[in-house]
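Excluded from the calculations below are hydrogen atoms, water molecules and symmetry mates; all remaining heavy atoms, backbone and side chain alike, are included.
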Amino acid sequence: MERMQQHEQIDLADLEVPEERGGAGIGRRRFLTGLGAGAVALGARVALGADAMGPVAPPSTVSAPPRDFGPHGAPNVYFWDADVIAVDPSFYGLAQPNAPIQRLWTGTLWSEGPAWNAQGRYLVWSDIPNNRQLRWLEDNGRVSVFRMPSNNSNGNTFDFQGRQLSCEHLTRRVVRYELDGSVTVIADSYNGKHLNSPNDIVPHPDGSYWFTDPPYGGQLYEGAPDAPGGPTNAHGKLKQRLGQAAEVGSLKRELPTNCYRVDPSGKIDIVVTEDQVPDPNGILFSPDYKKLYVISTGKGPGDTGPGGKGNMFVFDVGSDNKLSNQKLFSDFMVDGVKCGPDGARCDVEGNLWCSSNAGRSVGYSGVTVWNPAGKLIGRIRLPEVCGNVCFGGPKRNRLFMAGSQSLYAVYVATQGATPG
């Protein structure tokens with residue numbers, strides 16, 4: 001059997017060294033600053049040594065023995081968390097020493113859209129199948145229902161004025177929650193045709209909003225199927241109005257899967273077509289807003305188009321908001337495993353922190369970290385699939401990770417580049 005090609009990766013937990021005692025010993029700080037080619041060689045030697053001994057057992061979910069991420073589990077005993085992995089030495093400057101991954105809460109059916117409210121110091125995220133938004137408070141770790149029903153909201157963020165933006169699957173629209181508590185519909189159609197199921201959204205400093213519109217909300221689990229004759233209910237066998245409000249269930253899919261820009265006046269334009277990026281999902285800007293990254297996920301329900309392949313594309317953003325120079329940023333193949341991305345955020349240095357869905361390839365779900373050139377530099381392993389991420393905390397130096405059923409967080413040595 002052909003062996004999978006292995007990346008040279010360094011497990012930061014293996015680099016623990018004793019504290020300095022009266023000048024004896026290297027000391028953690030001096031040791032870490034001295035890491036370089038020797039550390040890379042050490043990680044490579046460990047990986048290659050295991051491979052040379054014959055077939056390797058499938059990777060564990062995370063650690064061996066299995067780790068309890070819960071609040072009553074044993075504390076992390078390593079200076080570096082064992083599940084924060086440097087694939088390249090440049091990741092040492094981004095991973096925070098002595099900062100364990102923490103499971104903050106569990107109990108969702110499918111988590112998505114984490115977003116940080118800086119003024120309120122809370123995190124909001126979506127539990128799509130349960131039709132609710134949840135809120136985690138930083139002061140005491142309490143989780144409560146923030147909005148229910150949420151219209152099966154998916155992606156959330158906060159704009160530069162501190163207003164929450166949400167992409168709603170059920171109502172096929174993007175809304176903004178105003179500071180006075182009212183709700184504004186930002187977009188629900190294009191050229192007179194209803195949107196599919198807006199998924200993820202990002203604000204721009206010029207006051208515009210950019211969002212993706214794949215078809216994933218057109219299913220029973222995360223929204224509502226099409227009315228009879230639509231792609232997700234072609235033969236009309238599904239009763240799309242069951243369990244829904246009276247006004248829900250009359251719509252069919254009418255548009256390709258595009259990306260849109262809504263300017264401050266409300267004008268909506270297509271910025272990325274389905275031919276360029278089929279089934280667009282996550283979307284984000286570089287810190288200088290000169291690059292736009294769009295994730296193309298797998299084929300959606302009833303999708304007759306080209307379908308995504310679990311990769312990411314990058315575009316140059318012109319001063320006129322026109323996109324050009326489309327390139328494949330990454331296919332997200334890591335050690336021969338497809339680490340399918342969903343959502344992502346940039347840090348202030350332009351590195352991309354991307355959620356990872358590796359399916360049954362346990363040990364590869366969580367987060368992958370890439371530099372602006374598209375090189376994998378680090379990974380964060382979680383015991384479940386990760387749907388999306390965001391930076392938060394008062395210093396915006398905490399990475400929140402929406403796992404399939406749980407919320408995780410870890411402090412990092414950098415900051416998120418954008419609000420929300």
Do side-chain atoms of [X] reach the backbone of [Y] as a donor and acceptor pair under 3.5 angstrom?
| X | Y | result |
| --- | --- | --- |
| D335 | V337 | no |
| N117 | Q119 | yes |
| Q240 | G249 | yes |
| N152 | H169 | no |
| Q244 | G223 | yes |
| R345 | N388 | no |
| D127 | N131 | no |
| R381 | P383 | no |
| T106 | Q405 | yes |
| S296 | P278 | yes |

Shortest non-hydrogen contact from [X] to [Y]?
| X | Y | answer |
| --- | --- | --- |
| G359 | S365 | N-OG, 4.2 Å |
| W125 | E112 | CB-O, 3.5 Å |
| V389 | W353 | CG2-O, 3.4 Å |
| C386 | G366 | CB-O, 3.0 Å |
| A413 | A95 | CB-O, 4.0 Å |

Between [atom1] of [X] and [atom2] of [Y], what distance do you get to the nearest 0.5 Å?
| X | Y | atom1 | atom2 | value |
| --- | --- | --- | --- | --- |
| K291 | K327 | NZ | NZ | 6.0 Å |
| D200 | T297 | CG | OG1 | 9.5 Å |
| C259 | I270 | SG | CD1 | 9.5 Å |
| S197 | L170 | OG | CG | 10.5 Å |
| S208 | R261 | OG | CZ | 4.0 Å |
| F332 | N357 | CZ | CG | 12.0 Å |

Going by distance alone, is a donor N or O of one side chain under 3.5 Å from an acceptor N or O of the other, for [X] and [Y]?
| X | Y | result |
| --- | --- | --- |
| D275 | T273 | no |
| Q133 | S150 | no |
| S126 | S153 | yes |
| S166 | E168 | no |
| N199 | Y216 | no |
| S406 | E384 | yes |

Practice prompt. Please identify each residue that fulfils ring-ring contact (aromatic ring centres under 6.0 Å, His included) with W136, with sequence neighbours left out.
Written response: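 Testing W136 for ring-ring contact (aromatic ring centres under 6.0 Å, His included), a comparison that skips the adjacent residues, returns F400.
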
Practice prompt. Mind running ring pair (Phe, Tyr, Trp, His ring centres under 6.0 Å) on W210 and F285 for me, showing each step along the way?
Written response: CA-CA 10 Å; W210 301 53; F285 285 106; 5.2 Å; yes

Discussion item. Is there a side-chain contact between W105 and L123 in this structure, where contact means two heavy atoms from C-beta onward sitting under 4.5 Å apart?
Written reply: no

Worksheet item: Would one find more than 12 heavy atoms of other residues, nucleotides or ligands at under 6.0 Å from atom CZ of R241?
Response: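 No, CZ of R241 has 12 or fewer neighbouring heavy atoms, counting only those of other groups under 6.0 Å.
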
Discussion item. Can you confirm whether K309 is buried at NZ, in the sense that more than 12 heavy atoms of other residues, nucleotides or ligands lie under 6.0 Å from that atom?
Written reply: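 Atom NZ in K309 is not packed in, count stays at 12 or less.
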
Fill in: R147 NZ/CZ over Y177 ring centroid, <6.0 Å and within 45° of normal
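Relative to the ring axis of Y177, which defines the angle, R147 lies inside both limits.
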
Practice prompt. Just jot down the salt bridge (Lys or Arg N to Asp or Glu O under 4.0 Å) partners of R172, sequence neighbours excluded, or say none.
Written response: D226

